[in-house]
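Quick note: residue numbers are just sequence positions, from 1. Side chains are part of it too, since the values below use all heavy atoms of this structure and drop only hydrogens, waters and symmetry mates. Here the structure is a predicted model, which means the values were calculated and not measured.
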Amino acid sequence: MRDELELLRAANPVPADDGRWRDRPLDATAQRALNRLLHSTRTRRARRRLVLRAEAAVLALVAVLAFTLTDAGSSPAVAAPSALVPHAGRPVPSLDGLARIAEALARTAGPQDGPRRGSHLQSWSLSMGTGPDTASPVTVPEERITRWNADGSGSELVVATDPQHPGRPVIQDDDGRWRTVSDGKVLHRATYPVGSGARHDGLAARTRPPTDPTALRALLASLYGAADGDGDGDGKDAGAAAVPQLLMALSSFRQEWTPGPRETAAIVRMLADTKGLRPVGAVTDRLGRRGQAFVHDGPDGAMDATRQMVILDPRTGQLLGTEITFTKDLPDFRITAGEVMSYEAWMP
């Protein structure tokens with residue numbers, strides 16, 4: 001019981017000095033984490049810690065009654081992005097076919113083509129509240145670049161920007177309050193001297209991505225509680241209900257590492273061995289790149305209200321992005337079916 005209470009307290013986004021019962025919005029970082037945890041389900045006792053954090057985060061979201069937009073200025077902020085629409089006019093490649101392409105490229109990769117610690121991410125995250133006076137949900141777009149070098153030096157940069165609407169103001173999180181800022185405003189910048197890497201990494205950052213799909217699935221299960229298969233230990237044929245957990249874990253790990261060709265082959269083969277992802281056709285992602293979309297629209301947890309999409313480069317199998325879209329109305333959150341809950345676009 002003591003362990004569970006500590007976990008619940010750690011998941012509470014409200015600072016202790018804000019008053020015991022004060023309601024407030026989640027900040028952007030907490031909201032992104034919540035988006036990943038919102039649909040996690042209880043699977044095995046080994047995943048107990050992750051499930052507790054997810055349930056506590058859902059309770060925290062329900063407690064949010066309103067958020068405030070300040071410093072709005074005269075120009076409107078950018079609108080929430082629309083869900084991607086796949087086009088199935090051409091023959092649609094299978095995940096197995098993309099895995100074979102990625103594996104062929106991996107066999108020709110050189111020693112210098114290994115994974116790189118750090119990532120480059122453009123994200124759109126929906127912030128929601130509940131209650132009769134709650135304003136409509138808002139989308140927070142950010143670009144994040146994290147780089148780490150072999151000598152332990154590194155840098156972090158976070159910018160408020162939406163490449164779909166260059167030059168227009170965007171919404172920014174200001175410690176739990178929302179305001180509009182100019183496109184390209186630097187929200188966070190940090191540089192780290194030689195030897196700093198060891199003080200800024202967790203287990204995921206210290207764990208080099210496996211090049212074997214079974215080992216990769218096992219690692220994601222160990223780090224993030226992602227389902228690791230159907231119980232036979234080989235990591236294959238994971239049930240459809242495990243797909244949302246697996247994609248959220250893959251997203252979290254992708255924030256720590258940029259994969260090379262061998263790691264990309266392991267990712268695509270792992271997805272190909274997973275039940276519940278079906279090909280739906282070609283898409284153009286929010287950065288203008290051509291990709292192939294694969295969708296999971298089955299059970300996603302307690303809410304059972306989202307569609308998960310993963311977009312892969314048809315030439316290399318590279319992970320281009322993931323999208324979570326609501327499939328039904330959620331009146332308490334002023335959400336309508338078809339709205340995008342989150343979108344992540346990965347860059348080299």
Side-chain angles (χ1 to χ4, degrees), residues 3 6-7 10-11 29-30 32-37 40 43-54 57 102 106 109-121 123 142-158 188-229 233 235 238 242 245-271 318-319 322 344 346-348:
D3 182 57
E6 290 175 353
L7 288 172
T29 301
R32 280 191 297 272
L34 175 58
N35 288 347
R36 296 192 183 96
L37 294 173
S40 298
T43 53
R44 296 181 180 177
R45 186 169 181 81
R47 302 187 187 97
R48 183 162 164 257
R49 289 177 178 268
L50 177 68
V51 172
L52 283 170
R53 290 190 179 98
Q112 73 281 4
D113 296 324
R116 184 181 72 250
R117 185 182 165 198
S119 63
H120 187 181
L121 167 67
S123 65
E142 289 182 352
E143 182 176 5
R144 293 174 170 263
I145 304 175
T146 304
R147 293 285 185 259
W148 290 101
N149 305 312
D151 61 6
S153 63
S155 63
E156 295 176 330
L157 177 66
V158 182
H188 171 75
R189 187 197 302 270
T191 57
Y192 302 102
V194 172
S196 300
R199 299 194 298 272
H200 292 272
D201 58 7
L203 180 59
R206 296 195 303 269
T207 307
R208 189 180 179 90
T211 59
D212 174 77
T214 302
L216 175 60
R217 186 187 297 275
L219 177 64
L220 295 179
S222 173
L223 291 174
Y224 306 107
D228 57 356
Q245 285 182 310
L246 182 64
L247 294 182
M248 286 187 286
L250 180 59
S251 171
S252 296
F253 194 63
R254 180 63 180 81
Q255 292 186 49
E256 300 287 350
W257 291 89
T258 297
R262 287 175 287 266
E263 294 77 24
T264 292
I267 290 172
V268 185
R269 177 55 65 188
M270 177 186 70
L271 295 176
Q318 178 185 356
L319 176 64
T322 57
E344 295 177 333
W346 301 102
M347 292 166 276

Engineer: Return the CE to OG distance between Met347 and Ser119, rounded to the nearest 0.5 Å.
Structural biologist: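 Reported value, rounded in 0.5 Å steps: 9.0 Å.
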
Engineer: More than 12 heavy atoms of other residues, nucleotides or ligands under 6.0 Å from CZ of Arg206: is that the case?
Structural biologist: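 Enclosed.
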
Engineer: If you round to the nearest 0.5 Å, how far is OG1 of Thr258 from CZ of Arg117?
Structural biologist: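 So the gap between those two atoms works out to 11.5 Å.
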
Engineer: So, for Asp212 and Thr214, which heavy atoms are closest and what is the spacing to 0.1 Å?
Structural biologist: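 Closest heavy-atom pair between Asp212 and Thr214: OD2-N, 3.1 Å.
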
Engineer: Hey, is the main chain of Ala204 close enough, under 3.5 Å, to the side chain of Trp257 for a donor-acceptor pair?
Structural biologist: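 Between the backbone of Ala204 and the side chain of Trp257 there is a qualifying donor-acceptor contact (under 3.5 Å).
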
Engineer: Can any side-chain N or O of Asp151 pair as donor or acceptor with the backbone N or O of Ser153 at less than 3.5 Å?
Structural biologist: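 Side chain of Asp151 to backbone of Ser153: a pair is present.
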
Engineer: Taking all non-hydrogen atoms of both residues, which atom of Arg217 and which atom of Met270 are closest, and how far apart?
Structural biologist: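 Of all heavy-atom pairs spanning Arg217 and Met270, the closest is NH2-O, 3.0 Å.
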
Engineer: Where do Ala266 and Pro210 come nearest, in terms of heavy atoms and distance?
Structural biologist: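 Ala266 and Pro210 have their closest heavy atoms at CB-O, 3.9 Å.
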
Engineer: Which heavy atom of Thr207 sits nearest a heavy atom of Leu203, and at what distance?
Structural biologist: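 That closest heavy-atom pairing would be OG1-O, 2.6 Å.
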
Engineer: Could you check whether the rings of Phe253 and Tyr224 sit parallel, tilted or perpendicular, using 30° and 60° as the cut-offs?
Structural biologist: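 Phe253 vs Tyr224 ring planes: perpendicular.
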
Engineer: Closer than 3.5 angstrom, by distance alone: can the side chain of Gln245 be matched with the main-chain N or O of Ala242 as a donor-acceptor pair?
Structural biologist: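 Checked: no pair found.
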
Engineer: Working to the nearest 0.5 Å, report the span between OG of Ser196 and CG of Asn149.
Structural biologist: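 Ser196 atom OG to Asn149 atom CG measures 10.5 Å (nearest 0.5 Å).
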
Engineer: Could you state the interatomic distance from CG (Leu250) to CG (Leu271), rounded to the nearest 0.5 Å?
Structural biologist: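 One gets 6.5 Å once the value is rounded to the nearest 0.5 Å.
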
Engineer: Using a 4.5 Å cut-off on heavy atoms from C-beta on, say whether the side chain of Pro209 contacts that of Pro115.
Structural biologist: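 In short, these two side chains touch, coming nearer than 4.5 Å.
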
Engineer: Would you check, one step at a time, whether the test side-chain contact (heavy atoms from CB on, under 4.5 Å) holds for Glu156 with Arg144?
Structural biologist: CA-CA 7 Å; Glu156 295 176 330; Arg144 293 174 170 263; over 6 Å; no

Engineer: Please name the pair of heavy atoms, one in Glu263 and one in Gly114, separated by the smallest distance, quoted to 0.1 Å.
Structural biologist: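 Minimum heavy-atom separation between Glu263 and Gly114: OE1-C, 4.2 Å.
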
Engineer: Say you draw a straight line from CD of Gln255 to CH2 of Trp346; how long is it, rounded to the nearest 0.5 Å?
Structural biologist: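 Taking CD in Gln255 and CH2 in Trp346, the distance rounds to 4.5 Å.
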
Engineer: Looking at CG of Leu220 and CZ of Arg254, how far apart are the two atoms once the value is rounded to the nearest 0.5 Å?
Structural biologist: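 Taking CG in Leu220 and CZ in Arg254, the distance rounds to 13.0 Å.
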
Engineer: Quick one: closest heavy-atom pair of Arg147 and Gly118, and the distance?
Structural biologist: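 Shortest heavy-atom separation between Arg147 and Gly118 comes out as NH1-C, 4.4 Å.
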
